[in-house]
Amino acid sequence: MRNATRRNRNIGTVKQGHGQNNRMRIAEPYFSVGDWRSHTERLTHYKKFVRAVQGHEFTFVVEKTRAGCCHACSIEDVVFMLEQIPAADYGDLRLIVFRQPKHKEGILSPVWGWLCYEYQFENTCAPAVILEAFNLAEYLTHSRKLSIDARDEFDRLQQDGHVFIADRRGYRAKLTRETVRATQLYRTLPHEFGHYVHYRQ
């Protein structure tokens, strides 16, 4: 016989549905807004600049940053690095995007930058290198338990100028414009361009 005073054991649990509508994830509202672009392609409040590098025309897209965030590299910085790359390796890559990541992206999957083989921008779809803006009030953190690859990356970050301080949870370094610039300009940009050259080969 059912006892109406007995509390349902499923109340407040995942089995009942608790927490299913507020998962910490990056939303992709393709169907709801009728926009098939990725969240990384939906730029807001941006400016475009065109620069010719070794006879190859690049379009630089600079998205407006949030308060406290900044783009560590300038267009002139990237142009200087592109001049060190053989023009024969440029291929169809003409788009360099300085992007402001969403707040959740900075929490869930922060990256220095990345290569997109097909990036939809305005009325074109072409390869692009994206460099992310950073919040200089935040810290770069690393666990004490590092794999071999993570240890190598940890050493490379120190060579870029990041000063890590040990605490109870691991290591952390205060982000500065100079250290972020060193990592993005001298390692991330050539690395991502190398992916594109490998893709073309």
Side-chain angles (χ1 to χ4, degrees), residues 26 37-44 46-65 69-102 105-106 108-136 140 142 147-162 173 175-201:
I26 300 169
R37 293 177 301 167
S38 166
H39 66 277
T40 61
E41 296 170 330
R42 298 192 194 110
L43 304 178
T44 58
Y46 62 84
K47 294 182 179 180
K48 294 190 301 181
F49 305 89
V50 178
R51 297 285 190 276
V53 182
Q54 301 188 76
H56 188 91
E57 191 175 273
F58 283 93
T59 299
F60 293 84
V61 182
V62 182
E63 188 175 19
K64 183 179 179 181
T65 58
C69 297
C70 74
H71 296 297
C73 300
S74 67
I75 294 175
E76 289 69 26
D77 289 336
V78 176
V79 167
F80 173 78
M81 289 301 295
L82 292 176
E83 289 173 345
Q84 315 310 312
I85 299 173
D89 290 334
Y90 292 166
D92 295 328
L93 204 161
R94 300 176 180 275
L95 196 60
I96 309 292
V97 181
F98 295 87
R99 180 175 170 269
Q100 170 62 66
K102 306 300 184 289
E105 294 175 59
L108 297 176
S109 58
V111 293
W112 300 108
W114 43 282
L115 170 70
C116 186
Y117 296 98
E118 289 188 358
Y119 190 85
Q120 186 173 342
F121 175 70
E122 294 183 344
N123 297 320
T124 62
C125 186
V129 171
I130 293 92
L131 296 176
E132 305 276 69
F134 273 84
N135 187 345
L136 298 182
L140 180 63
H142 263 279
S147 64
I148 295 176
D149 291 338
R151 186 72 204 184
D152 290 341
E153 176 62 13
F154 184 77
D155 293 339
R156 286 191 289 266
L157 289 170
Q158 289 181 307
Q159 293 171 9
D160 292 338
H162 297 275
L175 291 175
T176 67
R177 186 188 293 267
E178 292 74 21
T179 55
V180 173
R181 177 181 178 273
T183 301
Q184 288 187 322
L185 188 62
Y186 301 123
R187 287 206 297 120
T188 305
L189 180 64
H191 177 87
E192 302 307 332
F193 222 103
H195 280 307
Y196 180 68
V197 174
H198 181 259
Y199 165 74
R200 293 184 65 226
Q201 292 175 349

His71 vs Val62, side chain to side chain contact (heavy atoms under 4.5 Å, CB included): CA-CA, chis, key distance, verdict | CA-CA 9 Å; His71 296 297; Val62 182; 3.9 Å; yes

Test His195 against Tyr199 for side chain to side chain contact (heavy atoms under 4.5 Å, CB included), laying out the working first.
-> CA-CA 6 Å; His195 280 307; Tyr199 165 74; over 6 Å; no

From CA spacing to verdict: side chain to side chain contact (heavy atoms under 4.5 Å, CB included), Lys64, Gln100 | CA-CA 7 Å; Lys64 183 179 179 181; Gln100 170 62 66; over 6 Å; no

Full working for side chain to side chain contact (heavy atoms under 4.5 Å, CB included) between Leu95 and Val61 = CA-CA 8 Å; Leu95 196 60; Val61 182; 3.7 Å; yes

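Leu131 has its side chain out of reach of Trp114: every pair of non-hydrogen atoms, C-beta onward, lies at least 4.5 Å apart. You'll find the side chain of Tyr119 reaches within 4.5 Å of the side chain of Val97, heavy atoms only. The side-chain heavy atoms of Ile96 and Thr59, taken from C-beta on, include no pair separated by under 4.5 Å. The shortest side-chain heavy-atom distance between Val78 and Arg51 does not fall under the 4.5 Å cut-off. When side chains are defined from C-beta on, Leu136 does not count as touching Thr176, because their heavy atoms never get closer than 4.5 Å. Side-chain contact check for Thr40 versus Cys116: every heavy-atom pair is 4.5 Å or farther apart. At a threshold of 4.5 Å between non-hydrogen side-chain atoms, the residues Tyr90 and Val53 count as touching.
Between the OG1 atom of Thr183 and the CG atom of Leu175 there is a distance of 9.0 Å, given to the nearest 0.5 Å. Of the inter-residue distances, the one linking His191 atom NE2 with Trp112 atom CH2 reads 13.5 Å to the nearest 0.5 angstrom. Between Gln158 atom CD and Glu153 atom CD the span is 11.0 Å, to the nearest 0.5 Å. The CG atom of Leu189 lies 6.0 Å from the CD1 atom of Ile85; values are rounded to the nearest 0.5 Å. Atom CG of residue Asp160 and atom CZ of residue Arg187 lie 4.5 Å apart, to the nearest 0.5 angstrom. The CZ atom of Phe98 sits 6.5 Å away from the SG atom of Cys73 when rounded to the nearest 0.5 Å.
The two residues Arg200 and Ala88 come nearest to each other via the heavy atoms NH1-O, 3.1 Å. Nearest heavy-atom pair across Leu93 and His56 is O-NE2, 3.1 Å. The minimum heavy-atom distance linking Val111 with Phe134 is given by the pair O-CZ, 3.4 Å. For the pair Ala150 and His142, the tightest heavy-atom approach, listed with the atom from each and the gap, is O-CE1, 4.5 Å. Heavy atoms only, all atoms of each residue included: Met81 and Leu185 are closest at CG-CD1, 3.4 Å. When all heavy atoms of Leu115 and Glu192 are compared, the closest pair comes out as N-OE1, 3.3 Å.
Salt-bridge formation is not detected for the pair Arg181/Glu178: no Lys NZ or Arg NE/NH1/NH2 atom is positioned less than 4.0 Å from an Asp or Glu carboxylate oxygen. Ion pairing between a basic and an acidic side chain is recognised when a charged N comes within 4.0 Å of a carboxylate O; Lys48 and Glu122 show such pairing. Ion pair Glu41/Arg99 not flagged as a salt bridge, since none of the NZ, NE, NH1 or NH2 atoms sits closer than 4.0 Å to an Asp/Glu carboxylate oxygen.
For Gln84 (side chain) and Phe80 (main-chain N/O), a donor-acceptor pair under 3.5 Å exists by modelled atom type. In terms of modelled atom types and a separation under 3.5 Å, the side chain of Asp77 and the main chain of Ser74 share a donor-acceptor contact. For the pair Gln184 (side chain) and Glu132 (backbone), a donor-acceptor distance under 3.5 Å is present. Glu118 contributes no side-chain N or O that, together with a main-chain N or O of Ala126, makes up a donor-acceptor pair within less than 3.5 Å. Glu63 places a side-chain N or O within 3.5 Å of a backbone atom of Thr44 that can act as its donor or acceptor partner.
Counting heavy-atom neighbours within 6.0 Å of Glu83 CD, excluding the residue itself, gives a total above 12. Crowding of Tyr46 atom OH: a count of heavy atoms from other residues, nucleotides or ligands under 6.0 Å exceeding 12.
Classified by interplanar angle (parallel below 30°, tilted 30° to 60°, perpendicular above 60°), the ring pair Phe58/Phe60 is tilted. Classified by interplanar angle (parallel below 30°, tilted 30° to 60°, perpendicular above 60°), the ring pair Phe193/Tyr196 is perpendicular.
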